[in-house]
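Just below is one structure, and these are the notes that go with it.
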Amino acid sequence: MTKTYKCLKVFKQNYEVRVMERFGEFVIRDFRKKWDFGVKSEPGIKEKHKAMASSMRKSEYFQNLEPLPVQDEEFFPQASVHPVVFEEIYHTQEENYFTANTASMVLSELHLVVLVHGFQGSCNDLRMLKNYIELLYTKCVFMDSVFNENQTEGDIDEMGFRLAKEIMEYVTENCPEETPKISFIGYSLGGIIVRAALPFLECFKDKFHLFMSLSTPHLGILKPTKLIDAGMWVVKKLTRSVCLQQLCLEDASDFKESLLFKLSLAEGLEWFKYIVLVSAAQDEYAPFESARVEIPFHVPKDPNKGSLGILMADNITNKLAMKNLIKIDVNFKLNRSLDTMIGRSA
């Protein structure tokens with residue numbers, strides 16, 4: 001049994017290396033040694049990434065990539081439709097960064113990963129992501145947040161308080177002897193709910209490891225597309241959603257009294273070892289720049305929301321250390337459909 005286990009362990013490690021190498025083929029890494037995380041987005045970055053991704057997928061090299069000896073076809077899509085990841089890393093020394101972070105991938109202690117769904121979502125929304133993490137990091141335990149299910153139309157501050165209460169109860173009941181390291185993955189609105197919960201979780205700040213937001217509108221929805229704007233107007237009228245008013249910065253006559261502006265001043269993100277901001281240009285629900293804590297060049301012309309967005313972005317990024325931040329843009333190749341037209345597929 002021992003020999004069989006050792007053989008399986010070797011095969012598993014070799015397979016994981018091959019998987020990482022294969023996915024690494026579709027990652028374009030931009031290593032930035034200077035802290036130039038400006039609050040204004042780089043002009044034409046979406047179009048630039050789209051063109052680069054399209055060129056990669058059509059290239060002879062990627063079209064002729066050999067499949068792995070064993071692979072799930074759904075897990076490894078064809079090169080012509082494979083997502084392309086653009087990663088921006090900020091660190092003074094590239095070699096030291098990868099040496100340190102490769103070593104930290106081996107989790108030697110209990111690690112709690114908190115998964116937080118988005119607007120009108122449920123605890124099942126991030127199940128597939130959870131399954132993949134669980135396969136790779138066997139020492140992780142997971143908390144699929146449920147306290148805000150069917151309550152995401154309400155006040156974001158209250159959602160943050162409920163999430164904090166849920167985490168405290170989970171840690172007390174399941175980790176009575178020692179508090180584990182804690183990481184958060186928030187999808188869309190879930191990323192803002194996590195940020196709203198952090199001030200209530202200061203007692204755990206020394207245990208915080210990773211904050212990852214997936215298409216989270218950290219700066220709100222400053223300038224939605226006409227289609228999304230119309231849809232949100234209907235939803236706000238039908239449901240009287242407090243949350244959507246807060247995301248659109250319509251919850252206070254004075255913008256500086258809005259929830260998102262106050263949240264930009266709150267402590268929390270600086271307590272994490274890593275902050276990862278994931279965006280997707282094809283996602284029209286969460287504006288691309290807002291998910292990256294950046295301001296598009298056309299928005300600052302708005303005398304109110306533009307200047308407010310710049311202030312919020314400054315408030316958030318000024319607390320972060322250069323070595324803590326990673327920004328990821330995922331470019332998808334999507335089939336034409338109604339969901340694609342309205343920006344929902346991404």
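Keep in mind it's a predicted model, so treat the numbers as computed, not measured.
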Pairwise side-chain contact, Leu163 with Met143, heavy-atom cut-off 4.5 Å (strictly under):
yes
Do you know the tightest heavy-atom contact between Phe62 and Met56?
CD1-O, 3.2 Å
Over all heavy atoms of both residues, which pair between Pro180 and Leu110 is shortest? Give the atoms and the distance, please.
CB-O, 3.5 Å
Linked, directly or transitively: Val146 and Val171 (ILVMFWY side chains, under 4.5 Å)
no
Determine whether the aromatic ring centres of Phe200 and Phe161 lie less than 6.0 Å apart.
yes
Would Glu267 and Lys319 pass as an ion pair if we require N to O under 4.0 Å?
no
I need the Asn124 CG to Asp144 CG distance, nearest 0.5 Å.
7.5 Å
Looking only at heavy atoms, which two atoms of Val330 and Val278 are closest? And how far apart?
CG2-CG1, 4.0 Å
Using the side-chain contact (heavy atoms from CB on, under 4.5 Å) rule, take Met52 and Phe86 through it: C-alpha gap first, then chi angles, then the decisive distance, then the call.
CA-CA 10 Å; Met52 291 173 68; Phe86 297 86; 3.9 Å; yes
Using the rule that Ile, Leu, Val, Met, Phe, Trp and Tyr join whenever any side-chain heavy atoms are under 4.5 Å apart, tell me whether Leu112 and Phe147 fall into a single cluster.
no
What distance do Leu198 atom CG and Phe204 atom CZ have between them, rounded to the nearest 0.5 Å?
12.0 Å
Taking the side chain as everything from C-beta on, heavy atoms only, tell me whether Val114 gets closer than 4.5 Å to Ile185.
no
Taking C-beta and beyond as the side chain, do Leu308 and Leu249 meet within less than 4.5 Å on heavy atoms?
yes
Nearest non-hydrogen partners of Asn324 and Lys273, listed with the distance
ND2-O, 2.8 Å
Glu149, CD atom: more than 12 neighbouring heavy atoms under 6.0 Å
yes
Going from CG on Leu320 to CG on Leu277, what distance comes out if it is rounded to the nearest 0.5 angstrom?
8.0 Å
Is the backbone of Ser279 close enough, under 3.5 Å, to the side chain of Ser215 for a donor and an acceptor to pair up by distance?
no
Does a side-chain heavy-atom distance below 4.5 Å link Phe184 with Leu201?
yes
Quick check: closest heavy atoms across Met159 and Thr152, and the distance to 0.1 Å?
CE-O, 3.3 Å
Side chains of Leu129 and Leu214: does their closest heavy-atom pair fall under 4.5 Å?
yes
Give a yes or no answer on whether the side chain of Ser183 reaches the backbone of His209 with a donor-acceptor pair at less than 3.5 Å.
no
Would you check if the side chain of Ser55 reaches a backbone N or O of Ala51 as a donor-acceptor pair within less than 3.5 Å?
no
Tell me, with the steps shown, if Tyr187 and His117 meet ring-ring contact (aromatic ring centres under 6.0 Å, His included).
CA-CA 5 Å; Tyr187 168 62; His117 62 78; 9.3 Å; no
Is Lys327 salt-bridged to Glu87, cutoff N-O under 4.0 Å?
no
I'd like to know if the side chain of Ser241 and the backbone of Leu244 have a donor-acceptor N/O pair within less than 3.5 Å.
yes
Residue among Lys50, Arg57, His49 satisfying side-chain hydrogen bond (donor to acceptor under 3.5 Å, both in side chains) with Asn331
Arg57
For Glu158 and Gln151, does a side-chain donor sit closer than 3.5 Å to a side-chain acceptor?
no
Are Val113 and Tyr274 co-members of a hydrophobic cluster defined by side-chain heavy atoms under 4.5 Å apart?
yes
Strictly below 4.0 Å, N to O, side chains only: are Glu202 and Lys205 in salt-bridge contact?
yes
Do Tyr137 and His111 have ring centres separated by under 6.0 Å?
no
Side chains of Glu134 and Asn131: closer than 4.5 Å at any heavy-atom pair?
yes
Is the Phe211 ring parallel, tilted or perpendicular to the Phe272 ring (thresholds 30°, 60°)?
tilted
Test ring-ring contact (aromatic ring centres under 6.0 Å, His included) on Phe23 and His82; report intermediate values, then the result.
CA-CA 9 Å; Phe23 273 102; His82 201 293; 5.5 Å; yes
Would you check if the side chain of Thr216 reaches a backbone N or O of Ser188 as a donor-acceptor pair within less than 3.5 Å?
yes
Spacing of Leu115 atom CG and Met212 atom CE [to the nearest 0.5 Å]:
11.0 Å
May I ask you to test the Leu247-Phe119 pair for a side-chain heavy-atom distance under 4.5 Å?
no
All heavy atoms of Lys256 vs all of Phe261, minimum pair found to be O-CD2, 3.3 Å
Report yes if some heavy atom in the side chain of Ile133 is under 4.5 Å from a heavy atom in the side chain of Phe142; otherwise report no.
yes
Hydrophobic cluster membership, with links at side-chain heavy-atom distances under 4.5 Å among I/L/V/M/F/W/Y: are Ile326 and Ile28 in one?
no
Between the side chains of His218 and Arg292, is a donor N or O closer than 3.5 angstrom to an acceptor N or O?
no
Counting only N and O atoms by type, is there a donor-acceptor contact under 3.5 Å from the side chain of Asp125 to the main-chain atoms of Gly121?
no
